[in-house]
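Working notes, beginning with the structure itself.
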Amino acid sequence: MKLIVAPYDITYREDGNSVNIVLFGKDKDGRKVCLIDKGIDPFFYVQVDNESVIERIKKFAVTHQDREITVKDVEKVEKLISGKKIDLVKVICHLPRDVAKLRDGIKDAVLQTYEFDISFTRRYLLDRDITPLHYCNFEAKEIKSSFTIPTYEIESYAPTEEIIKDLNVMALDIETYAKEYNPEKHPILIIALSNMKYKKILTWKEIPAEHVEVCDSEADMLLRLAEILREEDPDMITGYFSDGFDFPYIVRRSRALGITLELGADGKGFRIGRGNESEVSLLGMPHIDIYKLVRKTVGMQLETYTYKLDDVANEVLGEKKHDVDLAKLGPAWDVHDKKLLKEFADYNLQDTDLTHRLFERLYPNLEEMVKIVGLMPYDVNRMAFSQLVEWFIIKQTKEFNEVILNKPVSQEVTGRKLERLKGAFVFKPTPGLYKDLVVFDFMSLYPTIITSHNLSLSSLRTGKKTYVNPDNQEIWFGDKPGFVATILERIITTRMKLKRELRKNPGDAMLKARIATLKLLANSFYGYLGFYAARWYCFECAETTTAFGRHYIQKVIKQCGENGFKVVYSDTDSIFISLGKKKQDDAHSFVEKINEKMPGLMELEYEGYYPRGIFVSAKDDSGGAKKRYCLADEKGKLKITGFEAVRRNVSQIAKEAQEHVFDLILNKHDEKSALTFVKKMVTDLKSGKVPSEKLIITTRLSKPVKEYDNVGPHVAVAMRMIERGENVGAGTMIQYIICKEGKVIRDKAKSLQEVDEGEYDPTYYIDNQLIPAVEKIFEVIGYSKEELLGEAKQTGLGSYFG
DNA sequence: TTAGATCGGGG
DNA sequence: GTGTACGATCTAA
């Protein structure tokens, strides 16, 4: 019969001495199905120096745990390694686990072995061009199986370009008795589940909240959770840091309670992957940890310095979590404080709601990565960028008939780690206040250098001067398109095509996500080429990339000068110029002129116009500070880089003051008001009327309190919190305010509970928070620290425009 | 200065 | 599952 299925999970099963691929997915009618592809052969390649070795390999066998492992067959194949022909022998095995054993037995008798560590299921998808989440036409017949869903045996298949929509995704979140991660000791108290159409709070004490279902015991609650997941049967499950907390906790707690959760297509429940960090899977129901997706997709663009759900949801969705004190959950549970427990139950459900909405928001990015890399969403969710790049390259090896290069052995890794790259070029700014700034930047500088100069392992030549790395005359790259440079070019051109489409449909969120994902992937290539564990590692390629980067930016800086633009600042791929007497149009024409001479895909872009900008001096007064500036655009929006206003560990008052000073100076052009404002703040602080919430300093305890030799303010506060019986350990965020009493800073620090309004130490907040945050800014416009403090007479300002 | 350890997220 | 993160930041040697 004919089936149109979008696969979203995969595994394999041994069947005697052969192996079957098992796919899970959803058909066009919304029915979950299992598809079995029988008799897929695992294999690896060897390079031999002598034909007679092939016959020996064919007869080779090892015994392992009473089972004789034999070679199923051998086959001569011709492939390419970095574009060069190579004769190889394909060694076909019976079972995936035989591959390592046979390779170990053979490797010393042959020149080289390849592709012995490529995951069987991943290879299946790539070799067959079956892209997860995309519908595939199958001819299949229904068969009996041990799986809990209808199972079919694949007879033939034909992939399509159509992607599945409307997946049913369930978000889950648990609340436990205590913060301490101890599933043997602390019970799970509440479990919340939600998606668009289903909301549920499971618990085992009566709580008067909506959607609550009270179970008889914790064990019953967990069994009921399994039942709900079976009944609702979502396509995917999601949570926030659920790989690291919720699911491992459920698994270990179930074990401690002696119960079995029958879940997944095989009924075997959650499986914890053993790694440095755990990961949890459910057969046939991909588990997406949104925390990992956040870090990979929008993490860099977020202003928040933490990836806590509260901060991320606040910034991405514009919604804060309920304000509850989770330290009170355990005690409230003990005394069955229904009113308080209701708050925790609501909070729990809200967490799943935020998680679900984050999933909805970020799913297009995951979908795009799946489309590009061709692996399952579960894997793509957890792969580091180097891995995504590598598997993207691996996917293309089939078309290019290239051999997948081996991972470096530990000796190679050691050597690679010693290689140091020379970084980017930075033009230090002259501290000052500037007007009419224009910023240029190179569109995808490193990726376009790699493609435009064909920087690939396969095109790398040494010892001859032809096509030159500007810094190293011994390295050059041939004209024949290299493998990695070619496939990177495809990513960049696809992205450019999508960008043109976006101009026609500016509101298309899906298109935006695709473009952003392609950018992330393209930008990862440079890092990948210099990443010690990369299969296609090429130090010379990475080194030449930054060399060309420095070369081109310096060339443009020079041309700026020749064309009457004053360069204020430059870092890596961007140049800040002040227009002076020139107009924005002149800057646009300049960019066009530059681009006429740029090779390949390289392109300088006009990033924007900023009426005002400020650059400050470095802390050590060694000149202008790198990566510390603030620009104001035509709408008055501030672009703050590197300052306290965008960093943690600083009180709110210092951050607010900094932002306000920037606004007054850059947007209102009112330096006097800025000075008055800071002076007023000094007075306010001195008078004791600044509210405590603006004075809180947050520091994280990095280890248990006892292990600190140097007792800093946060440690002193933590010690007293412990004395009061609060649960404080490594990782706890300590919030404190510096108060008047005491001689040293650790005695002056008080926790929020200990402090009264107005008890803070004005001197500390003036000298150590406020002034350092604004001092360098005022220095630029000619005011000294003393003037800010009202201790000196104002000196002449003069002209401070740079 | 370098090597080794810890941490992130989560109650 | 033909696998075992990673990069930043702190501490100890």
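Throughout, protein chains are lettered first and strands after them, A, B, ... in sequence-line order, and every chain is numbered starting at 1. As the structure is a prediction and not an experimental result, all values here were calculated from the model. Computation of the quantities below employed the complete heavy-atom set of this structure, encompassing side-chain atoms and omitting hydrogens, waters and symmetry-equivalent molecules.
- One interatomic measurement links the two molecules: CZ of F247(A) to C1' of dG10(B), which rounds to 13 Å at whole-angstrom precision.
- Where R295(A) and Y378(A) meet DNA chain C, the nucleotide closest to each residue was compared, and Y378(A) sits on the side nearer the 5' end.
- Within the nucleic acid shown, Y240(A) comes within 4.0 Å of sugar-phosphate atoms alone, with no base atom in reach, counting heavy atoms only.
- In this structure, D173(A) places its CG atom 9 Å from C1' of dG11(B), rounding to the nearest Å.
- Listed in residue order, the members of residues 324-340 of chain A having a heavy atom less than 4.0 Å from DNA chain B are L326(A), A327(A).
- Taking atom OH on Y249(A) and atom P on dG11(B), their separation rounds to 11 Å, with Å as the unit.
- The residue R123(A) sits close to a base: some heavy atom pair falls under 4.0 Å.
- Remark: the separation of the P atoms in dC6(C) and dG1(C) is 15 Å, to the nearest Å.
- When the nucleotides dG10(B), dC6(C), dG1(C) are ranked by their closest atom to the side chain of E279(A), dG1(C) comes out on top.
- At the heavy-atom level, L309(A) lies under 4.0 Å from the strands shown only through sugar-phosphate atoms.
- Listed by chain and number, the residues in a side chain to side chain contact (heavy atoms under 4.5 Å, CB included) with D346(A) are A209(A), H322(A), K342(A) (sequence neighbours excluded).
- Taking Q387(A) as the reference, M383(A), E390(A), W391(A) meet the side chain to side chain contact (heavy atoms under 4.5 Å, CB included) condition, with sequence neighbours excluded.
- By the ring-ring contact (aromatic ring centres under 6.0 Å, His included) test, Y307(A) is found to be paired with no residue, residues two or more places apart in sequence or in another chain being considered.
- Nucleic acid contact class of F120(A) (heavy atoms, under 4.0 Å, all strands): base.
- Y181(A) and Y249(A) have their aromatic ring centers within a separation under 6.0 angstrom.
- Dashed line: the shortest gap from a side-chain N or O of S119(A) to OP1 or OP2 of dT2(C) is under 4.0 Å.
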Under 3.5 Å donor-acceptor pairs involving side-chain atoms of residues 123-130 of chain A, not counting sequence neighbours:
residue: R123(A); atom: NH2; partner: E115(A); partner atom: OE1; Å: 2.2
residue: Y124(A); atom: OH; partner: D37(A); partner atom: OD2; Å: 2.5
residue: D129(A); atom: OD2; partner: K398(A); partner atom: NZ; Å: 3.0

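- Results of the side-chain contact (heavy atoms from CB on, under 4.5 Å) test with Y177(A) over L329(A), N182(A), D334(A) single out D334(A) as the only residue that passes.
- Whole-Å rounding puts the K292(A) NZ to dG10(B) C1' distance at 12 Å.
- In this structure, A384(A) reaches the sugar-phosphate backbone alone: every heavy-atom distance under 4.0 Å involves primed, P, OP1 or OP2 atoms, never a base.
- Distance CG (D311(A)) to P (dG10(B)): 8 Å, rounded to an integer number of Å.
- In this view, V62(A) and F60(A), I69(A), K101(A), L102(A) satisfy the side chain to side chain contact (heavy atoms under 4.5 Å, CB included) rule, not counting sequence neighbours.
- At a threshold of 4.0 angstrom between heavy atoms, the contacts of F116(A) include nucleobase atoms, whether or not backbone atoms are also involved.
- Contact annotation for I174(A): backbone-only contact, meaning every heavy-atom pair under 4.0 Å involves sugar-phosphate atoms and none involves a base.
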Test log, rule side-chain contact (heavy atoms from CB on, under 4.5 Å), inputs I250(A) and L261(A)
CA-CA 10 Å; I250(A) 289 172; L261(A) 303 184; 3.8 Å; yes
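- Atom NZ of K72(A) and atom C1' of dT2(C) are 16 Å apart (whole Å).
- K407(A) comes within 4.0 angstrom of sugar-phosphate atoms only, judged by non-hydrogen atoms across all strands, and of no base.
- Separating the CD atom of Q350(A) from the P atom of dG10(B) is a distance of 13 Å, rounded to the nearest angstrom.
- R271(A) comes within 4.0 angstrom of a nucleotide base, judged by non-hydrogen atoms across all strands.
- When heavy atoms are screened at a 4.0 angstrom cut-off, S386(A) is found touching the sugar-phosphate backbone but no base atom.
- One atom, CG of D98(A), and another, C1' of dT2(C), lie 10 Å apart when rounded to the nearest Å.
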